[in-house]
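First comes the structure, then the notes that go with it.
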Number of protein chains: 2
Amino acid sequence: MENPKHLEIVEHLKDHLTVSSELENMVALFKALGDVTRVRIILALAESTLSVTELTEVLDLNQSTVSHQLSLLKQQNLVKGTRNGKNIHYELSDRHIMTIVDQVKAHVLEH
Amino acid sequence: MENPKHLEIVEHLKDHLTVSSELENMVALFKALGDVTRVRIILALAESTLSVTELTEVLDLNQSTVSHQLSLLKQQNLVKGTRNGKNIHYELSDRHIMTIVDQVKAHVLEH
DNA sequence: TTAAGATATGCACATATGTTGATATGTATT
DNA sequence: AATACATATCAACATATGTGCATATCTTAA
């Protein structure tokens, strides 16, 4: 493992692994999905558009908690809400998210 | 949105969204990837097997920090290390991980 | 067996994070 | 305008997390 080629790669990595904003955005996305409450919200919205109150009931959570986590998910462009009268209907802002979630689920099931 | 079908779905979700160990494992995986240092380690190991010391140099981190995060990544079955004399060569325990990382990268670049 | 290099671990600290109660804001109904 | 319902926000707290120092453990070389 101490051959020239390896040293070359190691040298190369020093430049390649700087903390870019792209990296930070990726980490922010992972972090957003790294919480049970938020993933449960995602999974719920994957099946149906839901209001905050409905999410509160379905997930058996505090209304304040749901609002807080929704705002965090909104910041990461994972969900979006549209107002309908008194209610706000939340939905996944991007179906692509579920690809990632499903991939992780598949990975977990293999272990 | 107040039709019977919607109510039916909402009813169904209550059972469907319990906090299973499968869910917790998924969240644990996301959480493991929700840190800049750990993702940098993953990205480095994606390109080459590396010892702890090499990771320390390449990523410009404290040796203790690298060891701590490696042990966390090991717990999640993301990396594995094999001893070679004084060194321990770390590598990704599963190429499949990169599929997830790449997917997230792609998603981030679309925004 | 002693010394030196490589890695892991325990501890402490600062910071980040998730939750909740209280309250504010927005919206429709009367 | 007053009330009630839905959602968001603020402040505070408890807990979780990442890092680094000091030190322990393991391995090889002398």
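First the proteins, then the strands, lettered A, B, ... as listed; each starts at 1. Small disclaimer: the values here were computed from a predicted structure and weren't measured.
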Separation of [N] [atom2] from [X] [atom1] (nearest whole Å):
{"X": "B:I88", "N": "D:dT28", "atom1": "CD1", "atom2": "C1'", "value": "14 Å"}
{"X": "A:F30", "N": "C:dT17", "atom1": "CZ", "atom2": "P", "value": "16 Å"}
{"X": "A:H89", "N": "D:dT7", "atom1": "NE2", "atom2": "C1'", "value": "13 Å"}
{"X": "B:L70", "N": "C:dA6", "atom1": "CG", "atom2": "P", "value": "16 Å"}
{"X": "B:N84", "N": "C:dA6", "atom1": "CG", "atom2": "C1'", "value": "13 Å"}
{"X": "B:E57", "N": "C:dA6", "atom1": "CD", "atom2": "C1'", "value": "12 Å"}
{"X": "A:L59", "N": "C:dG18", "atom1": "CG", "atom2": "C1'", "value": "15 Å"}

When the side chains of residues 33-45 of chain A are checked against the rest of the protein, which donor-acceptor pairs come out under 3.5 Å, sequence neighbours left out?
residue	atom	partner	partner atom	Å
A:D35	OD2	A:T37	N	3.1
A:D35	OD2	A:R38	N	3.1
A:R38	NE	A:A32	O	2.7
A:R38	NH1	A:Q69	OE1	3.0
A:R38	NH2	A:K31	O	3.2
A:R40	NE	B:L17	O	2.8
A:R40	NH1	A:L59	O	3.3
A:R40	NH2	A:L59	O	3.3
A:R40	NH2	B:L17	O	3.1

Residue-phosphate contact under 4.0 Å: [X] side-chain N/O, [N] OP1/OP2:
{"X": "A:R83", "N": "C:dT27", "result": "yes"}
{"X": "B:S64", "N": "D:dG20", "result": "no"}
{"X": "A:K86", "N": "C:dT29", "result": "no"}
{"X": "A:N87", "N": "D:dT7", "result": "yes"}

> Tell me, for nucleotides 11-19 of chain D in 5' to 3' order, what letter each nucleotide earns: B for a base near a protein heavy atom under 4.0 Å, S for only sugar-phosphate near one, - for neither?
Replying inline: B-----SSS
State whether a side-chain donor-acceptor pair under 3.5 Å links [X] with [Y].
{"X": "A:E54", "Y": "B:H6", "value": "yes"}
{"X": "A:S67", "Y": "A:Q63", "value": "yes"}
{"X": "A:H111", "Y": "B:N25", "value": "no"}

> Which nucleotide sits closest to the side chain of A:Q63: C:dA8, C:dT7, D:dA8?
Replying inline: D:dA8
>> From the set D:dT7, D:dA6, D:dC26, return the single nucleotide nearest to any side-chain atom of A:Y90.
In response: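 Minimum distance to the A:Y90 side chain belongs to D:dT7.
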>> Just to verify, which of A:V52, A:L50, A:T49 counts as forming a side-chain contact (heavy atoms from CB on, under 4.5 Å) with A:H89?
In response: A:T49
> Under 4.0 angstrom, heavy atoms only, what part of the nucleic acid is B:S51 near: base, sugar-phosphate, or nothing?
Replying inline: sugar-phosphate
> With a non-hydrogen cut-off below 4.0 angstrom, is B:S67 in contact with a base, only sugar-phosphate, or nothing?
Replying inline: base
>> Check the orientation of A:H96 and B:H107. Use parallel for under 30°, tilted for 30 to 60°, and perpendicular for over 60°.
In response: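 Parallel, since the angle between the ring planes stays under 30°.
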>> Suppose we screen for salt bridge (Lys or Arg N to Asp or Glu O under 4.0 Å). Which residues come up paired with A:K14, at least two apart in sequence or across chains?
In response: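 Partners of A:K14 by the salt bridge (Lys or Arg N to Asp or Glu O under 4.0 Å) criterion, ordered by chain and then number, come out as A:E11.
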